A.B. asks: 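Quick one: the structure is below, and I'll ask about it shortly.
Values in this document were obtained by computation on a predicted structure and should not be read as measured data. Each chain gets a letter, A, B and so on, in the order the sequences are listed, and its residues count up from 1.
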Number of protein chains: 2
Amino acid sequence: MRAMAGAAPSEPRLRADARRNSEQIRSAAIGAFQGQGLTVPLEKVAQAAGVSKATIFNRFGGRIGLIDAVIEEVVARELFAVIEHTRSVGAVERIAYYLTAIRDLQYRQPAFNDVLLQTYPHSRQLMEICRVGSEANEEFIAAARASGALRPEFTAGDLHALVLDNALALKHGTRPPRDDYDRRTMYLLDGIRGRSAASGGR
Amino acid sequence: MRAMAGAAPSEPRLRADARRNSEQIRSAAIGAFQGQGLTVPLEKVAQAAGVSKATIFNRFGGRIGLIDAVIEEVVARELFAVIEHTRSVGAVERIAYYLTAIRDLQYRQPAFNDVLLQTYPHSRQLMEICRVGSEANEEFIAAARASGALRPEFTAGDLHALVLDNALALKHGTRPPRDDYDRRTMYLLDGIRGRSAASGGR
DNA sequence: TCGTAATTTGACTCGCTTGGTCAGTTTACC
DNA sequence: GGTAAACTGACCAAGCGAGTCAAATTACGA
């Protein structure tokens with residue numbers, strides 16, 4: 001590693017071309033990560049940015065640096081919004097809303113699954129996102145159990161496993177049509193609901 | 001490929017050492033496949049059999065030939081037994097029994113997941129096993145729906161996806177403790193049951 | 001308009017693992 | 001013992017993307 005450290009380089013005055021390239025790489029990375037996940041070959045990102053792969057190393061120090069520089073826009077923002085919004089949902093439907101929203105994110109954003117699966121454990125940012133996510137899980141599970149919306153034997157670990165399994169399925173398998181996916185989300189919800197809770201429709 | 005074709009070589013009179021090695025390789029393969037799945041390095045199988053890797057190629061022509069020679073003992077027998085036995089279960093509990101048994105097989109036999117995932121599509125035997133399995137799926141789904149044990153919108157494709165996702169999770173993830181796994185099987189069952197059907201306990 | 005240092009880049013190396021091959025040696029069998 | 005079958009150690013192939021570097025290019029200040 002030469003001199004890189006964190007996000008958008010700004011410490012030393014960059015030359016104009018370097019600044020321009022940084023920006024192009026950033027936005028190419030956001031697009032590529034969102035479309036194909038965090039494991040997309042850097043070569044492709046470079047191509048989309050109209051620069052050489054080596055330039056990515058010059059500007060960001062490598063994949064980890066690049067991820068740290070854009071992960072906020074790629075997934076963190078959206079995830080935190082989901083968590084935040086979930087808190088405003090009524091206690092009884094909250095856990096169903098949360099799981100549905102998470103699964104939606106997983107379906108739409110391959111990068112989100114890479115975060116969950118901790119594909120790059122060397123990125124602080126990624127680990128931090130995971131941590132926050134785990135805490136949200138526990139928060140919502142506890143609340144849901146208290147409200148009777150969830151069957152009592154269901155643990156935070158169960159939720160975690162549920163989501164991780166889905167991440168693996170989406171990552172290594174063929175993604176199903178959206179309506180099939182959503183229907184299966186319903187089965188899931190019905191399987192974890194407490195007896196007392198009323199279902200949405202069914 | 002030199003001269004191999006199918007299962008246990010028997011066409012031309014083999015020399016005594018060759019016959020002995022074939023047998024050792026077969027049983028080593030059964031052990032290795034059951035323990036670590038069909039993707040276990042041939043080197044390891046050879047080591048367990050006390051021969052060189054090249055001997056496996058001499059005797060079986062390669063991984064596919066070896067798989068074809070032992071897949072019966074490794075998974076087919078047990079799978080067919082499950083299917084057969086499922087037919088003798090009462091209509092209402094049948095689908096639950098089937099899914100539970102399949103998931104048990106998936107947990108205990110990594111090789112079974114390799115079959116499901118069609119890791120080696122060049123093996124006729126593997127494909128045949130898949131075909132038979134798919135037919136069983138449809139048979140049981142149809143019966144379950146007819147008996148009201150299954151929610152009506154649940155399709156054979158849903159069952160297939162359910163099982164495949166689990167195969168991917170077990171293959172690429174960390175396998176959970178058995179009791180967690182079984183509990184999650186319960187959630188699953190509760191999520192796909194028809195309204196009328198009574199659950200086992202809960 | 002230079003001089004210089006920052007920047008870019010094409011072409012490379014590297015790692016890493018397993019399947020598969022082959023020449024040369026050992027072994028079974030008649 | 002002679003011969004062909006069988007075994008084996010050592011080797012190659014392949015894929016594939018990360019990361020590196022010397023050489024060329026470019027921005028920028030004087």
A.B. asks: Where each residue is assigned the nucleotide of DNA chain C containing its nearest heavy atom, which of A/S52 and B/A16 is assigned the position nearer the 5′ end?
C.D. replies: A/S52
A.B. asks: Closest approach to the side chain of B/A54, judged atom by atom: which nucleotide of D/dA27, C/dC22, C/dT9 is it?
C.D. replies: C/dC22
A.B. asks: With side chain to side chain contact (heavy atoms under 4.5 Å, CB included) as the test, pick out the partner of A/I95 among A/V89, A/I141, A/L189, A/T100.
C.D. replies: A/I141
A.B. asks: What is the distance, rounded to the nearest whole Å, between atom CZ of B/F60 and atom C1' of D/dC7?
C.D. replies: 15 Å
A.B. asks: Between the base of C/dG20 and the side chain of B/K53, is one N or O donor paired with an acceptor at under 3.5 angstrom?
C.D. replies: yes
A.B. asks: Has the side chain of A/S123 got a donor or acceptor atom that lies under 3.5 Å from a matching backbone atom of A/Y120?
C.D. replies: no
A.B. asks: Expressed as a whole number of angstroms, how long is the span from A/N21:CG to C/dA6:C1'?
C.D. replies: 12 Å
A.B. asks: Taking the nucleotide of DNA chain C with the nearest heavy atom to each, does A/T55 or B/E43 sit closer to the 5' end?
C.D. replies: A/T55
A.B. asks: What's the closest nucleotide to the side chain of A/R15 if the choices are D/dA4, D/dT8, D/dC28?
C.D. replies: D/dC28
A.B. asks: Please report, rounded to the nearest Å, how far the P atom of C/dC29 is from the CZ atom of B/R20.
C.D. replies: 9 Å
A.B. asks: CD of B/E23 versus P of D/dC7: gap in Å, rounded?
C.D. replies: 14 Å
A.B. asks: Once you round it to whole Å, what is the distance between C1' of C/dT7 and CD1 of A/I25?
C.D. replies: 11 Å
A.B. asks: Is there a donor-acceptor contact under 3.5 Å from the side chain of B/R26 to the main chain of B/A69?
C.D. replies: yes
A.B. asks: At less than 4.0 Å, is any side-chain N or O atom of B/R13 found next to OP1 or OP2 of C/dA28? Yes or no.
C.D. replies: no
A.B. asks: Measuring from the side chain of A/F57 (C-beta onward, heavy atoms only), which nucleotide among D/dG19, C/dC29, C/dT8 has the closest atom?
C.D. replies: D/dG19
A.B. asks: Taking the inter-plane angle between the rings of B/Y187 and A/F154 on a 0 to 90° scale, is it parallel (under 30°), tilted (30 to 60°) or perpendicular (over 60°)?
C.D. replies: tilted
A.B. asks: Between the base of C/dT7 and the side chain of A/R59, is there any donor-acceptor pair under 3.5 Å?
C.D. replies: no
A.B. asks: Taking OH from A/Y120 and C1' from D/dG19, how many angstroms apart are they, rounded to a whole number?
C.D. replies: 14 Å
A.B. asks: Counting side-chain heavy atoms from CB outward, which of D/dA27, D/dC7, C/dT9 is closest to A/D17?
C.D. replies: D/dA27
A.B. asks: Whole-Å distance between D/dT26 P and A/N58 CG?
C.D. replies: 16 Å
A.B. asks: Choose from C/dA5, C/dT8, C/dC29 the nucleotide whose nearest atom is closest to any side-chain atom of B/R19.
C.D. replies: C/dC29
A.B. asks: Whole-Å distance between C/dT27 C1' and B/L14 CG?
C.D. replies: 14 Å
A.B. asks: Would you say the side chain of A/Y181 lies within less than 4.5 Å of the side chain of A/L170, judging by non-hydrogen atoms?
C.D. replies: yes
